[in-house]
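Owing to the predicted nature of the structure, the values given are computational and were not obtained by experimental measurement. Reckoned from all heavy atoms, side chains included, excluding hydrogens, waters and symmetry mates.
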Amino acid sequence: MANGPTPADLSVGVLLPTREQAIKKDFAAAPLLEFARQAELLGFDSVWAGDSLTARPRLDPLVLLSAVGAVTSRVTLGTAALTAALRPPLIGANMIACLDQVCSSRLVLGLGAGFPIPESEAEFAAVGVPFQGRAGRLDETAALWRGAWRSTRNGAPTGFTGRRWQAEGLDRLPAPHRPEGPPLWLAGSDTPRVLERVARLYDGWLPFLPTAAAYGRAWQRIRELSQAAGRPADAVVPALYATITVDDDRDRARRELDDYLRHYYGRSLEQMSALQAYAWGSAEECAEWLAGYVRAGARHLVLRIGSLRPEARLKEIAGTVLPVVRG
């Protein structure tokens, strides 16, 4: 199992409750901007926004993070995760470059190929994109984006030729604030194919593995594959997407989390806990559970608050969970 980072190396972020608001039929942006401001003031290192069109509807993350970038100054802004296929690749490259300018290089893109459930397949069909071959489509989209963002450098190619897309005149698009564009993290599991793609193509790994032991094994494998590919030791950021429900009454916390997941996914905690990382109970219990992933190598935690009222738990998590995890 990989050595964990020191407190100075560790970042902890929080997911903006865009889906939670949508579940309650509330699409107001102001509460989300206030949530982001509070997260920054309370000491979180990053704020994140999810993405979905029809499977799990919510406000568009790129539009929302543009506003968040204007009302914050320190926190990293991230997508967890952006379904790249929902946008034509050139439009995506342009929007992301503009967002990177707005937030002055504070942007990180967690990217997803599309979760293998019927709702996601229908979402792809709604935008006219085949669901099959989605992993390869994501990798090619990432390559096109990077080509577009680098195209203004002297001597850089201004065109792109891939299996699915060809483009010329990429240097005409606005350049991102960061010369190479924002880091691209793959939000995926621990299958051999995912680990190989992370090690070879991406700047970070954002899984939601159910156990720290599984995380540690997968992270060690990514390090081995990355080294074999000739990449620097720090080329890939090991992150984690985890959901916590904090309540001193452990049974009550479990009931709240189960209710949350039934609203969010239409599935129970028992069903989802086999696929994703969940903890519930006191702040100390949740913090110790997260610390297991830190010891397994995780360096950037993205916390989703498992409650339809996450703003009520934000201060408590910042005051109790963050110090323990960072320690």
Side-chain angles (χ1 to χ4, degrees), residues 2-18 32-50 61-62 64-82 99-100 102-111 177-178 182-187 202-208 212 215 219 234-244 246 277 279 283 286-306 310-311 313-327:
N3 291 330
T6 66
D9 296 327
L10 183 67
S11 296
V12 184
V14 64
L15 191 73
L16 296 173
T18 55
L32 297 168
L33 301 185
E34 180 59 25
F35 190 98
R37 279 192 291 260
Q38 287 299 314
E40 182 171 68
L41 290 172
L42 289 168
F44 286 93
D45 301 299
S46 55
V47 293
W48 301 75
L62 301 181
L64 178 62
L65 290 176
S66 182
V68 171
V71 300
T72 59
S73 59
R74 176 186 59 80
V75 289
T76 295
L77 310 180
T79 58
L82 185 75
L99 176 53
D100 195 55
V102 168
C103 66
S104 302
S105 297
R106 287 189 284 145
L107 182 62
V108 171
L109 294 175
L111 302 176
H177 189 270
R178 195 175 325 200
L184 304 181
W185 296 3
L186 183 60
Y202 289 91
D203 307 304
W205 177 50
L206 183 60
F208 39 59
Y215 186 99
W219 172 233
D234 61 351
V236 178
V237 175
L240 173 73
Y241 183 104
T243 303
I244 61 173
V246 175
C286 291
E288 181 53 33
W289 176 81
L290 288 167
Y293 287 91
V294 175
R295 289 189 289 268
R299 203 165 88 221
H300 199 134
L301 307 180
V302 179
L303 304 183
R304 178 174 61 173
I305 302 174
E311 61 282 345
R313 298 294 188 185
L314 187 65
K315 186 174 182 179
E316 180 182 6
I317 290 171
T320 57
V321 175
L322 294 195
V324 173
V325 173
R326 286 173 173 156

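Shown here for P183 and L107, the closest heavy-atom pair between the two residues is CD-O, 3.3 Å. Among all heavy-atom pairs drawn from L82 and P61, the shortest one is CD1-CG, 3.9 Å. Closest heavy-atom contact between D9 and R299: O-CG, 3.2 Å. Between G69 and C103, the closest heavy-atom pair is CA-CB, 4.5 Å. Among all heavy-atom pairs drawn from V47 and A39, the shortest one is CG1-CB, 3.8 Å. Taking all atoms of both residues into account, the shortest heavy-atom contact from L64 to A49 is CD2-CB, 4.5 Å.
Using a 4.0 Å cut-off between charged nitrogen and carboxylate oxygen, D45 and R326 count as a salt-bridge pair.
Listed by chain and number, the residues in a side-chain contact (heavy atoms from CB on, under 4.5 Å) with S105 are D100, H177, R178 (sequence neighbours excluded). Qualifying ring-ring contact (aromatic ring centres under 6.0 Å, His included) partners for W205, counting only residues two or more places apart in sequence or in other chains: Y215. Looking at residues two or more places apart in sequence or on another chain, you find a salt bridge (charged side-chain N to carboxylate O under 4.0 Å, His left out) between E34 and R37. Evaluation of the side-chain contact (heavy atoms from CB on, under 4.5 Å) rule for F208 yields F115, Y241, Q276 as partners, not counting sequence neighbours. Residues meeting the side-chain contact (heavy atoms from CB on, under 4.5 Å) test with S46, sequence neighbours left out: W48, T76, H300. Residues passing the side chain to side chain donor-acceptor pair (under 3.5 Å) test with T72 are R106, sequence neighbours excluded. Residues that satisfy the side-chain contact (heavy atoms from CB on, under 4.5 Å) test with A81, not counting sequence neighbours, are A187.
Considering CG of L290 and CZ of R295, their distance stands at 10.5 Å, rounded to 0.5 Å. One distance of note links CG of L65 with CG of L16; it measures 6.5 Å at 0.5 Å rounding. Atom CG in L184 sits 12.5 Å away from atom CG in L206 (nearest 0.5 Å). Atoms CG and OG1, from L32 and T18 in turn, are 6.5 Å apart once rounded to the nearest 0.5 Å.
Within the 4.5 Å cutoff, side-chain heavy atoms of L99 are placed close to those of S66. In this structure the side chain of Y202 never reaches within 4.5 angstrom of the side chain of V236, judged on heavy atoms. A 4.5 Å side-chain heavy-atom check between L15 and L303 finds every atom pair outside the cut-off. Contact annotation: the side chain of L62 approaches that of T79 to within less than 4.5 Å [non-hydrogen atoms, C-beta and beyond]. Annotation: side chain of V108 is not in contact with side chain of L77 (no heavy-atom distance under 4.5 Å).
Side chain of E40 to main chain of S73: a donor-acceptor pair is present (N/O by atom type, distance under 3.5 Å, no hydrogens or angles). Side-chain atoms of R313 never come within 3.5 Å of backbone atoms of I305 as a donor-acceptor pair (strictly under, hydrogens ignored). The backbone N or O of F44 lies less than 3.5 Å from a partner atom in the side chain of R74, making a donor-acceptor pair.
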